[in-house]
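This report concerns only the one structure given below.
The chain is numbered in sequence order, starting from 1.
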Amino acid sequence: MDKNSLFITYLCLIVLIFEIFYIIYLLTKYLLLKKQHEHISFIRSFKKGKCAIIFLTTIPLYWIGNIYTGKDLLSSFFYSISRVGKLVVLEFDTSSISSLMESNSLYRFTIYFNFILVLINALCFVLSIIHQRIWCWWQNLLIKKSNKDKLFIFGNNSENISIYESEKNRLKTLIDNLSNKDKEDFYTKGISFISTQKYENVIKKYLNIEKKDIKYTIVINTKDDKENIAICKNFIDKINSFSNRDKIYLFLRLRVFVFGDPKNQSVFEEIVSHSSCCMSYINKYQQIAIDFVDRYPFAKFMNKNQIDYDTSLIRDNVNINAFLIGFGKTNQEIFLTSVANNQFITSGDNDPQLKQVNYYIFDNKETENNKHLNHNYYRFKNECSNVDQNDYLPLPSYPAFENYCHLDINNTDFYNQIKNIANRNTNDENFIIIAFGSDLENIDLAHKLVEKRKEWNISNFVIFVKVRSVAKEQEEEQKKLLLNDDKCFFFGYEEDVVYNIDKITKSHLTQMAIMRNEIYSLEYLLTKNNYTMSNTLLNDNKEAAYSSWYKNSQIQRLSNFYCCLSLRSKLNLMGLDYCKLDENIENKALTEKEYLEIYAGKDIPVSEKNIKEYNEKKIIEYTLDFKQSRRKNMAIHEHLRWNSYMITKGTIPSSIKQIKSERINKKYSNGKNLEVRRHGNLTTFEGLIEFRKIVAERDNCKEEQTDVIKYDYQLLDDAYWLLTSNGYKIFRLLNKNSE
């Protein structure tokens with residue numbers, strides 16, 4: 001071999017060695033990738049020429065090998081090019097270059113080294129084609145055989161893909177009758193799937209809920225309510241195959257969440273009631289409304305002109321006005337959720353009284369004629385307006401004032417009506433919630449109202465805009481681009497607030513609600529046992545309360561949930577707020593002592609003497625002596641808020657006769673009969689005192705054992721424990737008293 005041939009051989013060998021290092025580098029990157037679609041993209045890149053250099057080195061190697069045998073330069077070159085094409089289809093022929101291979105070991109090593117790399121590249125190419133199918137087969141095998149927790153999502157749509165991608169820990173798969181195009185799309189995106197025409201076959205084959213060490217989470221959202229209901233029935237059949245004894249704690253390992261249109265809500269709630277506590281109904285509009293109320297409680301935007309921060313009372317002659325533009329499914333749920341949470345109190349003759357929020361509902365249709373509202377919210381008004389007051393404890397105030405304005409936004413009187421209401425009093429607080437059309441239509445109207453607000457010279461005027469396609473992390477940037485106004489806020493990004501597995505299965509509010517339910521259960525047991533409970537009973541309470549949380553009806557679970565949802569608003573009324581520990585670093589966290597001094601003043605909760613703590617929470621001693629303080633004001637506030645929540649769910653007061661004598665399962669119900677949506681505590685704060693006297697006299701016991709007012713104190717008494725236990729801090733809103 002001459003020097004030129006030797007140089008070319010060395011050069012080709014060096015190039016191939018560098019290619020090996022490059023492949024090792026790529027494989028290292030591959031192993032560091034976390035998402036399946038990134039793995040797929042990487043493997044598919046082998047089809048895009050990243051290893052072409054291996055084939056290009058074949059040309060000079062075959063060229064010098066053929067020249068060595070005596071062929072001329074040009075014919076050797078063209079022959080070398082032809083060998084590259086044959087090498088691509090794995091035709092390894094060394095007959096034309098065997099002479100040089102026999103005479104030079106370095107050349108022979110380089111040729112075989114090249115062949116090995118060609119073979120590896122071919123294997124990678126094949127893998128890039130079938131990798132997704134292998135991965136999907138493996139995932140299905142794991143879904144069937146593994147003992148890890150699993151997530152099954154029924155329905156192929158963009159919302160379910162968002163839910164799928166939001167899950168980070170469980171094994172997961174998407175189930176539907178998929179077309180070949182859908183399958184190829186899922187292969188490309190790295191989505192595990194099961195394609196079937198019969199959902200019940202998947203439930204039988206893949207859900208091994210008999211095994212107590214596996215937890216299954218199921219999301220049913222096919223976008224077709226009839227199909228959703230059919231899948232629910234399949235799960236109920238599966239649940240009913242268990243014995244009554246085995247059903248008791250089935251909810252601990254099987255949680256089914258079914259989406260459905262709110263117009264069919266009663267149907268879904270009936271189905272859910274037959275699931276042995278394993279199912280929950282999800283109304284996406286309610287999810288949006290909950291997120292809206294949690295992020296933007298009305299009290300957050302008010303200041304000392306509207307709120308007396310020493311008492312948490314709304315000042316005299318202050319009106320709180322909420323304008324709902326459009327009264328479709330979103331604003332209907334925002335209205336109901338707001339009524340159940342955005343409650344306020346003002347000074348009364350003795351104790352504080354309810355301060356109604358004024359809701360002005362603008363829609364070109366007669367939206368008050370609504371079967372859902374009539375069945376729930378308007379039941380109290382329709383059935384209790386003409387009852388004999390002597391038959392009942394004092395009836396609660398109606399929770400809000402509504403005025404339906406049958407105006408299209410294009411009507412010439414639209415802006416005038418808003419202006420006339422918002423301009424009545426300079427200290428009024430005005431909120432406008434736009435949810436009538438597409439994102440751009442909503443933003444366009446917001447633009448016009450921003451201009452009108454300047455024209456009218458109204459400062460207390462906050463605008464909320466439903467925008468489905470703007471994530472929270474993009475909100476400020478998009479708001480500057482689209483509205484550029486510091487009193488405009490976006491809400492309603494469905495991918496974040498609805499189609500997210502954590503929002504469906506858990507949240508800090510749900511966790512606090514479960515804890516709140518536990519303490520409610522504990523207080524009931526302590527009262528029943530005169531605060532002399534054994535450690536065994538205290539420990540058993542946690543399991544019993546957790547079980548009761550799931551066995552409760554949805555209205556009972558939401559009662560605890562909405563209680564915790566109102567916590568931010570209550571803190572705002574005291575000039576406080578809460579956030580995660582690592583957020584708002586400039587706002588110093590209050591100590592428990594500092595919080596209690598602000599909240600209770602001289603009416604600090606006193607710890608019980610016999611039982612000091614339960615799960616790091618102080619046990620409070622409650623008496624019948626309710627001192628005049630902010631603490632009492634906020635207990636009244638909580639009871640009035642609870643009244644409002646129950647009214648939005650269609651609950652009506654029980655009569656005095658029902659409180660005294662009604663029995664359910666041979667026990668006095670005290671008027672609480674949720675099957676027919678009645679409750680004995682649906683009365684004024686003073687009515688609760690009369691309630692405890694009636695029950696104590698009937699049961700011939702002390703009033704302390706029948707008092708329910710203490711439950712209205714619990715939320716804010718326990719607020720510090722609830723929040724810090726879940727990784728939050730309470731801080732002071734320094735700007736409130738300076739506005």
Whether the [X] and [Y] side chains hold a donor-acceptor pair (N or O, under 3.5 Å, no angle test) is what I'd like checked.
X    : Y    : result
Y713 : H639 : no
N221 : E159 : no
N319 : N321 : no
Q556 : S553 : yes
N572 : S569 : no
H637 : R630 : no
S385 : K381 : no
S266 : E269 : no
N376 : R677 : yes
N369 : E366 : yes
Y377 : E402 : yes

Is there a side-chain contact between [X] and [Y] in this structure, where contact means two heavy atoms from C-beta onward sitting under 4.5 Å apart?
X    : Y    : result
V498 : I288 : yes
T724 : K729 : no
S166 : Y499 : no
N403 : N358 : no
D316 : S347 : yes
F362 : N331 : no
Q343 : P399 : yes
I636 : D712 : no

Point to revise | With N460 via side-chain hydrogen bond (donor to acceptor under 3.5 Å, both in side chains) - residues at least two apart | key: none
Point to revise | Stepwise side-chain hydrogen bond (donor to acceptor under 3.5 Å, both in side chains) test for N425 and N427 | key: CA-CA 5 Å; N425 188 335; N427 283 333; 4.7 Å; no
Under 6.0 Å between the ring centres of [X] and [Y]?
X    : Y    : answer
F489 : F301 : yes
F491 : F464 : no
F431 : F298 : yes

Check your understanding: Testing F323, Y285, Y359 for ring pair (Phe, Tyr, Trp, His ring centres under 6.0 Å) with F335, which one passes?
Key -> Y359
Exercise for review: Please say which of W642, F380, F691 ends up in a ring pair (Phe, Tyr, Trp, His ring centres under 6.0 Å) with H679.
Suggested key: W642
Review point. Within 45° of the axis and under 6.0 Å from the centre of the six-membered ring of Y415, does NZ or CZ of K452 qualify?
Key: yes
Exercise for review: Kindly indicate whether a cation-pi arrangement holds for R468 with Y493, taking the cut-offs as under 6.0 Å to the six-membered ring centre and within 45° of the axis.
Suggested key: no
In terms of heavy-atom contacts, does [atom1] of [X] have more than 12 from other residues, nucleotides or ligands at under 6.0 Å?
X    : atom1 : answer
L440 : CG    : no
N457 : CG    : no
E495 : CD    : no

Using only atom types and a distance under 3.5 Å, with no angle test, would you say the side chain of [X] pairs donor to acceptor with the backbone of [Y]?
X    : Y    : result
T346 : I314 : yes
N382 : Y378 : yes
N420 : N416 : yes
R315 : K304 : yes
K355 : V318 : yes
Q554 : Y281 : yes
N587 : F731 : no
S644 : L640 : yes
E441 : S438 : yes
R678 : T651 : no

Look at [X] together with [Y] and state whether they make a salt bridge at an N to O cut-off of under 4.0 Å.
X    : Y    : result
R568 : D577 : yes
K448 : E451 : no
D439 : K466 : no
D717 : R631 : yes

Restricting to non-hydrogen atoms, name the atom on [X] and the atom on [Y] that form the minimum distance, rounded to 0.1 Å.
X    : Y    : answer
A400 : V339 : CB-CG2, 4.0 Å
R557 : S280 : NH2-OG, 4.0 Å
Q628 : K632 : NE2-NZ, 2.9 Å
Y595 : L716 : OH-O, 2.7 Å
A513 : W549 : CB-CH2, 3.6 Å

Practice item. Not counting sequence neighbours, which residues clear side chain to side chain contact (heavy atoms under 4.5 Å, CB included) with K627? List them please. Key: D603, D625
Point to revise | Partner residues of T367 under the side chain to side chain contact (heavy atoms under 4.5 Å, CB included) criterion, sequence neighbours left out | key: F327, I361, D363, K365, Y404
How long is the straight-line distance from [atom2] of [Y] back to [atom1] of [X], given to the nearest 0.5 Å?
X    : Y    : atom1 : atom2 : value
L596 : T591 : CG    : OG1   : 8.5 Å
N633 : D351 : CG    : CG    : 8.0 Å
L722 : L567 : CG    : CG    : 7.0 Å
K503 : I163 : NZ    : CD1   : 12.5 Å
N560 : M512 : CG    : CE    : 11.5 Å
I458 : I418 : CD1   : CD1   : 9.5 Å

Check your understanding: N370 pairs by side-chain hydrogen bond (donor to acceptor under 3.5 Å, both in side chains) with which of Q332, H375, K263?
Key -> Q332
Exercise for review: Assess whether salt bridge (Lys or Arg N to Asp or Glu O under 4.0 Å) is satisfied between R424 and D428, documenting all intermediate values.
Suggested key: CA-CA 8 Å; R424 287 175 184 169; D428 287 355; over 6 Å; no
